[in-house]
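Working notes for the structure below.
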Amino acid sequence: KLCKLRVDASEASISSISKIGCDVLKEARKADSSSQSSCCAQAFVTLCRLSSSSPELLDEVVADAVREWASKSTTRLKSEFFALMIQSAPLESQSTLVHQLCLATKSARSPYLKGEAFRLLGAFFHRASHADKNEGAVANLEASAETWLNPFVEGCVASLGDSDMKKTKRARDVLKSVEKLVTFLPTIKVTASMAKALETLITPFRDTSENNVSLAQVAARILTGIDTIVASDRPKVTSAPKRSPSKKTKKKKKRKQE
């Protein structure tokens with residue numbers, strides 16, 4: 001109930017948010033029930049709201065949490081912890097979370113966790129596409145996208161070349177995530193380097209479209225979306241205006257006709 005209250009950041013000691021974040025994460029690591037884990041996640045979301053003007057205060061805590069979730073088999077941190085952050089925390093405070101999840105798509109210890117990372121990222125892209133964004137949020141998303149897009153693309157390419165991740169169930173998580181990405185990217189400024197990164201997805205998705213009938217339609221939609229984004233980044237080539245025929249040319253044509 002306390003987590004649902006609207007608390008102004010001025011009422012909290014900003015300097016203590018990092019420490020409180022570490023304490024909440026310690027509690028989440030001890031959670032032995034879904035309700036306790038959910039309570040810890042709600043508390044962490046509250047901290048994200050308090051520090052939305054200085055999201056870097058929780059960056060290290062978030063990075064540690066995702067790395068532990070992706071690499072340690074003994075951890076009690078669940079995907080739902082991050083899903084609640086994506087659903088409820090301010091978009092400005094999610095840059096580190098998204099970056100670490102992008103890294104996890106390639107480095108997570110199991111195909112299941114890689115699939116979960118793609119699923120969580122798809123949820124973020126969906127929310128970022130439809131949320132009302134102020135100028136600060138848009139600027140933050142544009143700046144952070146430059147950082148996390150490359151590892152995300154690398155994770156996609158690696159997954160579509162991995163025999164375990166190629167299975168339809170896992171590959172569907174990858175494709176759905178990328179489909180949400182190509183819907184989200186047109187809502188922000190796509191730089192030349194981002195467009196170039198997207199181009200590396202064309203070949204693996206073409207192969208998926210040709211070799212997996214059940215995923216062909218999704219892959220085709222993604223390829224269309226990527227083509228649109230990449231084409232919008234290219235400079236428009238205008239054809240030179242046609243010259244009107246000179247008087248000499250007109251006379252020559254007239255003589256030939258005679």
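All residue numbers in this chain count up from 1 along the given sequence. What you see is a predicted model, and the numbers here were worked out from it, not measured in a lab.
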Are the side chain of [X] and the backbone N or O of [Y] linked by a donor-acceptor pair below 3.5 Å?
| X | Y | result |
| --- | --- | --- |
| Q94 | A89 | yes |
| S129 | F125 | yes |
| S54 | S51 | no |
| S88 | M85 | no |
| E27 | C40 | no |
| S177 | F118 | yes |

Measuring only between side-chain heavy atoms, which start at C-beta, is [X] closer than 4.5 Å to [Y]?
| X | Y | value |
| --- | --- | --- |
| L185 | L198 | yes |
| V178 | C156 | yes |
| F124 | L101 | no |
| L25 | L77 | yes |
| S38 | E80 | no |
| L201 | L160 | no |
| I86 | L120 | yes |
| V66 | T96 | no |

For [X], give me all partners under side chain to side chain donor-acceptor pair (under 3.5 Å), at least two apart in sequence or on another chain.
| X | value |
| --- | --- |
| S33 | S35 |
| S107 | none |
| R67 | D64 |
| D162 | none |

Do M194 and F184 land in one hydrophobic cluster if side-chain heavy atoms of ILVMFWY residues count as linked below 4.5 Å?
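Same cluster: M194 reaches F184 through Ile, Leu, Val, Met, Phe, Trp or Tyr contacts under 4.5 Å.
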Tell me, please, which residues at least two apart from F82 pass ring-ring contact (aromatic ring centres under 6.0 Å, His included).
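Listed in chain order: W69.
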Set of salt bridge (charged side-chain N to carboxylate O under 4.0 Å, His left out) partners for [X], sequence neighbours left out:
| X | value |
| --- | --- |
| R172 | none |
| K26 | none |
| E68 | R29 |
| E146 | none |

Are E199 and K196 ion-paired here, with the side-chain N under 4.0 Å from a carboxylate O?
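No.
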Could you list all the side-chain hydrogen bond (donor to acceptor under 3.5 Å, both in side chains) pairs where at least one residue sits in residues 108-126, not counting sequence neighbours?
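Output for this query lists S79-E116, E116-R119.
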Exercise answer: donor-acceptor pairs, residues 209-218 side-chain atoms, under 3.5 Å, sequence neighbours excluded:
residue	atom	partner	partner atom	Å
N211	ND2	D207	O	3.0
N212	OD1	S214	N	3.3
N212	OD1	S214	OG	2.7
N212	ND2	T168	OG1	3.4

Inter- and intrachain pairs under salt bridge (charged side-chain N to carboxylate O under 4.0 Å, His left out), touching residues 38-48, at least two apart
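The answer is none; no pair qualifies.
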